[in-house]
Amino acid sequence: MAQQNHLYLVDGSSYIFRAYHRLPPLTNPEGTPVGAVYGYTTMLWKLADDLHKADGPTHMAVILDKSSQSFRNELYDQYKAHRPEPPEDLRPQFPLIRDATRAFSMPCIEEDNVEADDIIASYAKDALAKGWKVTIVSSDKDLMQLIQPGLDMLDTMKNARLGPEAVMEKFGVTPEQLGDVLALMGDAVDNVPGIRGIGPKTASKLIVEHGDLESVLAAAPSMKPSKMRDSLIEQADMARLSKVLVTLKDDCPLPNELDDFLLKDIPPEPLAAFLTKHGFTSLLRKLGASGPADAAPAPSGAPSDAPGSDNAITPQPLAMPAINLDDYVCVQDVDALDAWIAKARAAGMVAVDTETDSLDSMQAALVGVSLAVAPGEACYIPLGHGSNDMFAEKPQQIALGDAIARLKPLLEDDAVLKIGQNLKYDLNVLARHGVHVSPIDDTMVMSFNLDAGQEFGTGGHGMDALADRHLGHQCISFKSLTGTGKKQIGFNEVPLADATRYAAEDADVTLRLWHVLRPRLPVEGATRIYQNVDRPLIPVVAGMERHGIKVDREQLAALSQDFATRMAALEGEIHELAGQSFAIGSPKQLGEILFDKLGLKGGKKGKTGAYSTDVTVLEKLAGEGSEISRKVLDWRQLSKLKSTYTDALQEQINPNTGRVHTSYSLVGAQTGRLSSTEPNLQNIPIRTEIGRQIRHAFVAEPGNVILAADYSQIELRLAAHMADVETLRDAFAHGEDIHNRTAQELFGEVNRDTRGRAKTINFAILYGISRWGLAGRLEVSADEAQAMIDTYFQRFPGINRYIAETLASARECGFTETLFGRKTHFPRITSKNQAERQGSERAAINAPIQGTSADIIKRAMVRMNPALEAAGLGHVRMLLQVHDELVFELPEGDVEAASAVIRSVMENAAEPAVTLSVPLGVEIGTGPSWGAAH
DNA sequence: GCACTCACG
DNA sequence: GACGTACGTGAGTGCC
């Protein structure tokens, strides 16, 4: 039986614009920009992949816009009149789209005086009349009018098929009614007028209510008096004109027969030549392995960029059996264990999870290991179970050493992928038993690379949330086994039957999550950041955590003592001034003392109605001569330093290693930064002299020194590059003080005051400026702040454009991207709530800059140990990361050699994926302590 | 568990 | 006309 013909019509012109905004500015070996061409090429590849598949294309053609002139211009001379010129680095890519299409040996259709949309509509009509199926590859809303039985749309970027329900979801109407909605709302980009004051929501409401455009216009006079009613009456003809403009013309003369579009196997030679010419090496390799028409799905992402490499394994779509806890096996002898290890080797992949008696991977004792070799096929290997009652009988289990000896070759086998959820934890536990797990995949990090910023019902990238979100499965809760509070028991005390169900479920769920998340990476453009940055970072960060940093306990204790004495003295003086005793640490009591009892001026704030007593308020009062406010400020500083640092850090010293081991979260900060907990070593004081003493307690071992390497002004440099601000780029290229230069540009003179203001404004720009916010910081009026912002935009014109483009793209796509392809989602950027929306806008302006900076230092971290080893400096240890700073410990004699390597790795960390137009500066200092190294 | 405050980049 | 104002974090304290 002959297969039904299925015609794919690719809307090439609209795709290239979207690809341009989503992909990094790649250039080919000749220096021509090809980022959008690359995106276009991967899209064609993906489409060609579906040839021979059920419901895949049998016929395919690419339709391009040849000219912007059409019958619509004769009807309405303003049509598409205000289209901005395409960006400079996009224009040379248009002709390359044709080359790319020809490289795939596919037809490329373009006609004078006809728009691509009309050609698409005409071919679609022709094909449907012949009983073919049609898929339009586009996400253009005008084309959605064509959706009907037998015709759907495909959004390759979101990998979504769009049918009538997509129109209903977006516009609330059927595809047949969509033209009427578009006619009412108009289109700013194409300059279709519509009716002023009517947007998508109102337009769709009117059409749903009245059925079609003419009925709406006819009903207008009888509507209740309003601005909208008047507009409908006055501008009825504009709406009718708009209807004609948005209606697709489906009877254009067609240059080809449908049969010309038959899709054959793609000859490799022209394609190879094209890929070579433009340096698309990763696709070229895929082509070498197998042609696109019969290959496995090709991962998208940039041309090859060390470090990192693809997995050998690509998951196939999998029908997964339902989760059944009774299927899990408890492995209690070595023969059974060997059988599971053999299964894992045969599968080439295994999900691994360790069970321990503590959340602290540096102190946790291994209690058991679970493995999953296929969805539904999982086991638990108890290793440390047994009641704390030493006389009670312990369950039968394999001796820990025997199990480790058997598992180690599997866990270190290059040919078997180990999959984990937050694998960094397990890496640390197993490393303490001499096992160095590799290669790895981590479902938590995958989820973060795909969905950072996305708001789901249950937040986060933890396993329970992911299982619920992607598998619709509720995991057994840890607490239901161990209880909570005083009665909580260790996992080693949980009965084996329960422990098996819980632990094996974790491994099973992890493996299932991998089957859901792993295929999304290439489709959603997350492969680059995952494979080149975040995945290789996992073992690096694990190593830093295990190594820890030495802290001088006596020094901290002495500081605590000193702080306590000074606080006691201040406390007495404060109570004296207040005329009574009270808890200085209670903002509520302090506010009442200051404002009610002593009658100082200041306002209520916050929803609780309590007085604000934060540092800005107290500084102001102190400036006005309030002695008690000054003393409270001093007391607060000491209190903070003592409780958060000098006391708490002593308790964090690991009794076995004598060092402090922080835990970094790779998924903690939406922008891609790391975060640090237990203890947080990313907020150790430095800004005040008294706080800086705490840094002096972070010391090197005898004979060693601490080396601190900081990126200098990295975010401003990245802003200068990303917004393409020539003045700022020049200043960085010439090593100028950037705040001085800004002060010169803004105020015409450089002194302490103008430099300070310039610095504030520079940061304000990075954070998404508002005149109110800047006014507050600079203590000027909003109008004056606005004037400074205007001057800034005028002197640094690229900034304005960067902000506008970033926001436009964030609104359209729902996310922002860093130079290295890291996405952060901003679902609230279209919120109706102004404060919420504006908050998202500021965050969206900041995220690409902060995130790119995070990408760069992460790339440096991944390369650091291999580079040091290659230089014979394998004993240099990277200990800490503080966003733009790396801290090392090394023998005194190696400082010079190590500094050169560290500087080079950090300064060149963006290459070769991205070439920055500003140099990255790195400042290095050394000393016996972290404090001394600055 | 939340609000407030404050340490860092 | 009111809203609520710089981005990203984690931890300790008071209080309900």
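Proteins get letters first, then strands, A, B, ... in listed order; numbering begins at 1 in each.
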The side chain of A/Gln850 is closest to which nucleotide in this list: B/dC8, B/dG9, B/dC6?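 So the nucleotide nearest the side chain must be B/dG9.
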Check: residues 445-452 of chain A side-chain donor-acceptor pairs under 3.5 Å, at least two apart:
{"unit_1": "A/Ser447", "atom_1": "OG", "unit_2": "A/His461", "atom_2": "ND1", "d": "2.6"}
{"unit_1": "A/Asn449", "atom_1": "ND2", "unit_2": "A/Asp534", "atom_2": "OD2", "d": "2.8"}
{"unit_1": "A/Asp451", "atom_1": "OD1", "unit_2": "A/Arg520", "atom_2": "NH2", "d": "3.0"}
{"unit_1": "A/Asp451", "atom_1": "OD2", "unit_2": "A/Arg520", "atom_2": "NH1", "d": "3.4"}

Identified side chain to side chain contact (heavy atoms under 4.5 Å, CB included) partner of A/Arg636 from the options A/Leu590, A/Val615, A/Leu641, A/Ile584: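 The residue from A/Leu590, A/Val615, A/Leu641, A/Ile584 that satisfies side chain to side chain contact (heavy atoms under 4.5 Å, CB included) with A/Arg636 turns out to be A/Leu590.
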Are A/Arg659 and A/Glu889 close enough for a salt bridge, meaning some N to O gap below 4.0 Å?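 Salt bridge: yes.
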If you measure from the Lys or Arg side-chain nitrogens to the Asp or Glu carboxylate oxygens, is any gap between A/Asp855 and A/Arg859 under 4.0 Å?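 The answer is no: the pair does not qualify as a salt bridge.
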Which donor-acceptor pairs under 3.5 Å do side chains of residues 919-926 of chain A form with protein atoms, sequence neighbours excluded?
none

Dot-bracket for DNA chain C, 5' to 3', Watson-Crick and G-U pairs with both distances under 3.5 Å, [ ] for crossing pairs, | for partner on another strand, reads ......|||||||||.
So what does [X] hit on the nucleic acid, given a heavy-atom distance under 4.0 Å: a base, only sugar-phosphate, or nothing?
X        : answer
A/Thr613 : sugar-phosphate
A/Gln838 : base
A/Ser639 : nothing
A/Asn680 : sugar-phosphate
A/Glu678 : sugar-phosphate
A/Ser840 : nothing
A/Arg673 : base
A/Leu674 : nothing
A/Gly668 : sugar-phosphate

Under 6.0 Å from the ring centre and within 45 degrees of the ring axis: does the NZ or CZ of A/Lys642 meet both conditions for the six-membered ring of A/Phe563?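 Geometry flag: not set, cation outside 6.0 Å or 45°.
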[atom1] of [X] versus [atom2] of [N]: gap in Å, rounded?
X        : N     : atom1 : atom2 : value
A/Leu641 : B/dT5 : CG    : P     : 18 Å
A/Leu590 : B/dA3 : CG    : C1'   : 15 Å
A/Ile686 : B/dC6 : CD1   : P     : 20 Å
A/Leu681 : B/dG9 : CG    : P     : 13 Å
A/Leu716 : B/dG9 : CG    : C1'   : 13 Å
A/Leu633 : B/dT5 : CG    : P     : 12 Å
A/Gln589 : B/dC4 : CD    : P     : 16 Å
A/Gln881 : B/dG9 : CD    : C1'   : 10 Å

So, do A/Leu559 and A/Tyr645 sit near enough that their side-chain heavy atoms are less than 4.5 Å apart?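 A/Leu559 does not reach A/Tyr645 side chain to side chain.
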Boundaries of the chain A footprint along DNA chain C (any atom under 4.0 Å from a heavy atom):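 Taking any atom under 4.0 Å from a heavy atom of chain A, the span is C/dC3 to C/dC15.
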Check the orientation of A/Phe796 and A/Tyr792. Use parallel for under 30°, tilted for 30 to 60°, and perpendicular for over 60°.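 Rings of A/Phe796 and A/Tyr792: perpendicular, over 60°.
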Which label fits A/Phe763 and A/His739: parallel for a plane angle under 30°, tilted from 30 to 60°, or perpendicular past 60°?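 Geometry flag for A/His739 against A/Phe763: tilted rings.
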Counting only heavy atoms not in A/Arg828, do more than 12 sit closer than 6.0 Å to its CZ atom?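 No, CZ of A/Arg828 has 12 or fewer neighbouring heavy atoms, counting only those of other groups under 6.0 Å.
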Is there a donor-acceptor contact under 3.5 Å linking the side chains of A/Gln794 and A/Asp790?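 Side-chain D/A pair, A/Gln794 to A/Asp790: absent.
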Can a side chain N or O of A/Arg636 be found less than 4.0 Å away from OP1 or OP2 on B/dC6?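 Indeed, a polar side-chain atom of A/Arg636 lies that close.
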Taking only residues two or more places apart in sequence, or in another chain, which ones meet A/Glu689 in a salt bridge (charged side-chain N to carboxylate O under 4.0 Å, His left out)?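 A/Arg692.
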Between [N] and [M], how far is it from one [atom1] atom to the other, in whole Å?
N     : M     : atom1 : answer
C/dT5 : B/dC2 : C1'   : 22 Å
C/dA6 : B/dC6 : P     : 15 Å
C/dA2 : B/dT5 : P     : 26 Å

Assign each of A/Gly773 and A/Thr677 to its nearest nucleotide of DNA chain C by heavy atoms, then name whichever residue's nucleotide is nearer the 5' end.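 It is A/Gly773 whose nearest nucleotide is closer to the 5' end.
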Nucleic acid contacts - residues 828-835 of chain A versus DNA chain B, non-hydrogen atoms under 4.0 Å: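 Those residues whose heavy atoms fall under 4.0 Å from DNA chain B, taken from residues 828-835 of chain A, amount to none.
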Give a yes or no on whether the backbone of A/Tyr664 and the side-chain of A/Lys424 come within a donor-acceptor separation of less than 3.5 Å.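 Looks like yes, one N/O pair under 3.5 Å.
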